[in-house]
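Just below is one structure, and these are the notes that go with it.
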Amino acid sequence: MTTTAQPRVPADAHRTGGPALSASGLRARRAAKRRQLGAVVVLMAPFFALLTTIFLIPVGTAVYLSFYSDDQPGLGFGPENTVFVGLRSYAAVLTDPTFLGGLGTVALYCLIYIPLMVVGALALALLLDSGVVRLRAFAQLGLFLPHAVPGIIAALIWLYLYTPGISPIIDLFARADITIDFLGIHAVIPSIVNIALWSNLGYNMVVFYAALQAVPREVIEASVVDGAGPVRTALQVKTPLVRASIVMVAIFTLIWALQLFTEPMLLSQSSPMISSRFSPSMYIYDAAFTRNNYSLAAAASVVLLVCTIALSYGVTRFTSRADAEEAR
């Protein structure tokens, strides 16, 4: 008895209709993948171009400058030579009491500013979402309007209100026998925090309000049916559902706060409590444009960048771990 050998059929022949169709289908899939990859490249190219132009190139330049310094031989009368100094600039920055003091000032500023910003913006958004506030559109416009004012103009407005002799607020307090030195040693940081809150509270409120609009109304109605009041609904139902927005606002606020510059720079014109190296950003500005030490300024910039990245990563990891524990 003889047997006839059956031809071997590819595994995907039954799905594609045969070897010929399998080859054409494979070519079609490869062409589709190439088109998809090309579309991804075209769509992502502007992002990477901007990332390279406004972030990677400046960071690379700062890192390069931090390792080199201009040296003048011959008691300062010879031509300048760019020499490699290694980590000397970083050592100078990290051992400079004024830079470390600026980091401490910014840390105190963040401890006051970030909780007030996040809690205040979230509270305003919850009030608007609950319907307690009448004329909601006008309230949103009034709260957001200060953010449309440029930071320099906002600082000048508050500098006028903080300056004795011309400030109507100080005159009003003086009539009640209350003396407040907004630019004194004990009030200068709260005064700066007040300017930042006035400028950015409305913007973050809009972010939270948009997130609250995405909360399913069925969930809120169910909480009301279960007997939850407005405060309990806001704190135990709505707030956990917009946690991602809270983390995002906290991280962005942290990044902005670490770059504190405009407000203290302008207030320093009227307050001896604010030195030219009050914050790390002011230290960098002073090193580059007052002392002409670009290597020191570049090293301080890199240190500030590393601190910003580390703190942002720490906040992200902490919130991710908390979410994972709650999911369990």
Side-chain angles (χ1 to χ4, degrees), residues 105-162 167-170 172-173 180 182-183 187-215 230-231 233-235 238-267 274 278-279 281 308 311-312 315 319:
T105 300
V106 168
L108 179 60
Y109 172 79
C110 290
L111 289 176
I112 300 174
Y113 171 64
I114 295 177
L116 290 176
M117 172 61 71
V118 175
V119 174
L122 181 60
L124 290 174
L126 289 171
L127 285 174
L128 292 175
D129 186 67
S130 65
V132 174
V133 179
R134 296 182 179 180
L135 301 176
R136 184 180 303 172
F138 292 98
Q140 290 177 346
L141 178 62
L143 291 170
F144 183 79
L145 191 60
H147 182 73
V149 178
I152 296 178
I153 305 301
L156 289 175
I157 293 173
W158 284 99
L159 177 60
Y160 164 75
L161 297 175
Y162 289 157
S167 171
I169 296 178
I170 295 179
L172 184 62
F173 281 119
I180 298 179
F182 290 106
L183 301 179
V188 63
I189 292 182
S191 297
I192 296 174
V193 169
N194 176 65
I195 299 174
L197 285 173
W198 184 80
S199 300
N200 301 305
L201 190 65
Y203 174 82
N204 291 317
M205 178 272 299
V206 171
V207 174
F208 286 139
Y209 182 75
L212 289 171
Q213 293 302 297
V215 174
V231 176
T233 300
L235 297 180
K238 294 181 180 180
T239 301
L241 293 177
V242 296
R243 185 171 183 175
S245 298
I246 296 175
V247 174
M248 180 192 69
V249 169
I251 292 176
F252 286 168
T253 305
L254 172 64
I255 294 173
W256 183 88
L258 292 175
Q259 302 173 23
L260 179 65
F261 179 79
T262 303
E263 293 85 358
M265 176 61 75
L266 291 177
L267 295 181
I274 302 178
F278 182 79
S279 68
S281 296
T308 303
L311 290 174
S312 301
V315 172
T319 54

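- Listed by first and then second residue, the salt bridge (charged side-chain N to carboxylate O under 4.0 Å, His left out) pairs involving residues 114-123 amount to none (not counting sequence neighbours).
- In this structure, the side chain to side chain contact (heavy atoms under 4.5 Å, CB included) partners of I170, at least two apart in sequence or on a different chain, are P164, S167, F182.
- Among residues two or more places apart in sequence or in another chain, the ring pair (Phe, Tyr, Trp, His ring centres under 6.0 Å) test is passed with F173 by none.
- With sequence neighbours excluded, the residues that form a side chain to side chain contact (heavy atoms under 4.5 Å, CB included) with A250 are V118.
- With contacts defined as side-chain heavy-atom distances shorter than 4.5 Å, the pair I169/I180 does not qualify.
- For the ring pair (Phe, Tyr, Trp, His ring centres under 6.0 Å) test, residues two or more places apart in sequence or in another chain that qualify with F144 are H147.
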Quiz: residues 105-116 side-chain donor-acceptor pairs under 3.5 angstrom, not counting sequence neighbours:
{"residue": "T105", "atom": "OG1", "partner": "G101", "partner atom": "O", "Å": "3.0"}
{"residue": "Y113", "atom": "OH", "partner": "N200", "partner atom": "ND2", "Å": "3.4"}

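- Take V119 and apply the side chain to side chain contact (heavy atoms under 4.5 Å, CB included) test, not counting sequence neighbours, and it matches no residue.
- Put simply, the side chain of S281 does not reach to within 4.5 Å of the side chain of L260, judged on heavy atoms.
- Identified under the side chain to side chain donor-acceptor pair (under 3.5 Å) test for residues 188-197, with sequence neighbours left out: Y162-N194.
- Residue pairs satisfying the salt bridge (charged side-chain N to carboxylate O under 4.0 Å, His left out) criterion with at least one member in residues 240-259, sequence neighbours excluded, are listed as follows: R243-D323, R243-E326.
- For F261, the CZ atom sits in a packed shell: over 12 heavy atoms of surrounding residues, nucleotides or ligands are nearer than 6.0 Å.
- Within the structure, no pair that satisfies the side chain to side chain donor-acceptor pair (under 3.5 Å) test touches residues 244-260, not counting sequence neighbours.
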Side chain to side chain contact (heavy atoms under 4.5 Å, CB included), that's the test. Do L122 and V249 meet it? Break it down for me. CA-CA 10 Å; L122 181 60; V249 169; over 6 Å; no

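- Under the side chain to side chain contact (heavy atoms under 4.5 Å, CB included) criterion, A234 pairs with L126, not counting sequence neighbours.
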